Every structure is written in C-alpha cells, then in structure tokens.
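I have placed the structure first, in the form of structure tokens, so that the comments after it can refer back to it.
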Amino acid sequence: MTNQSIRLAAAAASILALSLPPRQTSAENPAQGQGSGVYVVQMGDAPAVAYTGGIRGYRATKPSKAQKLDPNAPDVVAYASYLDSRHDAALAAAGGGRKLYGYRYAFNGFAAELTEVQAAKLA
C-alpha cells in the first residue's frame with residue numbers, strides 16, 4: 001500500500017454538499033436537528049474499479065488493462081458489499097441520516113440526507 005493510499009484510507013470521509021437548500025426536518029424525528037440537506041460523502045477506500053487488494057479477505061477487483069469491471073464477478077460483489085458496510089458504519093457513527101444512494105464501482109461513497117451536525121461528524 002502506498003503512502004497516498006494510507007492517507008486516503010486514514011481519512012474517514014470527505015463531504016460535498018449538493019446545491020439543494022436545507023429543509024426543516026419533520027416533527028416526528030426531532031433528534032435529527034433543525035435542518036437537513038443532501039450530501040455526497042466520499043469514503044477513503046478505493047472504489048471497485050481501482051481496488052488493488054490489501055484488505056484481508058478481499059481480492060483485488062481492479063480490471064486488467066483493456067478490460068472492463070464486471071459488477072457480477074464474485075470478488076467485485078464481495079468488495080462492493082464491504083464498501084456498503086463501511087458506508088453504513090460511517091452513517092451510524094455520525095448519528096444516523098437517510099442513505100439515498102450508494103456508490104461503489106467508479107467512486108466510493110454515498111448520498112445521504114443529513115443534518116448539519118451529522119455532516120460535521122462525517123467530515
């Protein structure tokens with residue numbers, strides 16, 4: 001693993017706010033805070049198209065030169081599931097939020113509705 005890979009893996013997540021206005025959360029869930037917005041969270045692990053190995057139990061998924069990633073290949077399915085579990089763990093550590101979409105193949109991250117407090121915890 002290169003020093004750059006280690007630094008990327010050490011970074012918990014970076015957050016990019018989409019240009020959607022914050023909105024008030026519903027009264028049914030006051031624990032979520034005053035307002036929420038949609039965020040795209042980039043995680044530190046490599047996406048499937050760039051993963052060269054290094055995590056125990058998960059074989060490399062980076063395709064060979066001139067090959068395409070096969071999202072149905074068993075190693076890709078296993079690694080994508082690992083990435084999903086890391087997304088879910090990050091959301092839980094931030095106090096929740098609503099995951100809208102998971103990205104695993106060309107980008108490792110997820111889109112989620114978060115409060116400003118949850119987004120700050122992820123950052």
Side-chain angles (χ1 to χ4, degrees):
M1 197 177 259
T2 67
N3 284 341
Q4 183 178 6
S5 296
I6 293 169
R7 282 195 301 272
L8 286 175
S14 59
I15 298 181
L16 308 168
L18 295 175
S19 55
L20 298 174
R23 56 183 190 173
Q24 296 298 321
T25 57
S26 66
E28 301 103 53
N29 198 356
Q32 289 229 343
Q34 292 297 323
S36 62
V38 175
Y39 295 84
V40 173
V41 180
Q42 181 177 8
M43 301 292 288
D45 290 318
V49 74
Y51 176 61
T52 57
I55 299 172
R56 179 171 284 171
Y58 298 95
R59 297 179 60 170
T61 57
K62 182 178 179 180
S64 301
K65 194 170 189 167
Q67 296 286 319
K68 291 184 179 182
L69 182 76
D70 177 2
N72 297 315
D75 291 336
V76 175
V77 170
Y79 184 66
S81 178
Y82 164 79
L83 294 178
D84 280 336
S85 71
R86 300 280 291 168
H87 301 168
D88 296 341
L91 267 175
R98 186 168 65 100
K99 186 174 179 179
L100 303 172
Y101 194 80
Y103 307 99
R104 320 160 195 68
Y105 303 109
F107 176 83
N108 174 21
F110 57 92
E113 184 175 353
L114 304 167
T115 66
E116 290 178 18
V117 171
Q118 291 166 333
K121 285 181 183 180
L122 276 174

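Excluded from the calculations below are hydrogen atoms, water molecules and symmetry mates; all remaining heavy atoms, backbone and side chain alike, are included. This is a predicted model, so every value here is computed, not measured.
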- Worked check of side-chain contact (heavy atoms from CB on, under 4.5 Å) between Leu83 and Tyr51: CA-CA 11 Å; Leu83 294 178; Tyr51 176 61; over 6 Å; no
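- In this structure, the side chain to side chain donor-acceptor pair (under 3.5 Å) partners of Asp84, at least two apart in sequence or on a different chain, are Arg104.
- Separation of atoms CG (Asn108) and CG (Asp45) is listed at 6.0 Å; rounding is to 0.5 Å.
- Val40 is connected to Tyr101 through a chain of hydrophobic side-chain contacts under 4.5 Å among Ile, Leu, Val, Met, Phe, Trp and Tyr, so both are in one cluster.
- Of the possible donor and acceptor atoms, none in the side chain of Gln42 sits under 3.5 Å from a partner among the backbone N and O of Gly109.
- Closest non-hydrogen pair, Leu122 versus Ala94, comes out as CG-CB, 3.7 Å.
- With values rounded to the nearest 0.5 angstrom, Glu116 atom CD is found 11.0 Å from Gln118 atom CD.
- Met43 places a side-chain heavy atom less than 4.5 Å from the side chain of Val41.
- More than 12 heavy atoms of other shown residues, nucleotides or ligands fall within 6.0 angstrom of atom NZ in Lys99.
- The two residues Lys62 and Val49 come nearest to each other via the heavy atoms CG-O, 3.3 Å.
- With sequence neighbours left out, the side chain to side chain contact (heavy atoms under 4.5 Å, CB included) criterion links Ala48 to Thr61, Leu69, Val76, Tyr79, Tyr105.
- Separation of atoms OH (Tyr103) and CZ (Phe110) is listed at 10.5 Å; rounding is to 0.5 Å.
- Side-chain contact between His87 and Leu91: absent, with no pair of heavy atoms (C-beta onward) separated by less than 4.5 Å.
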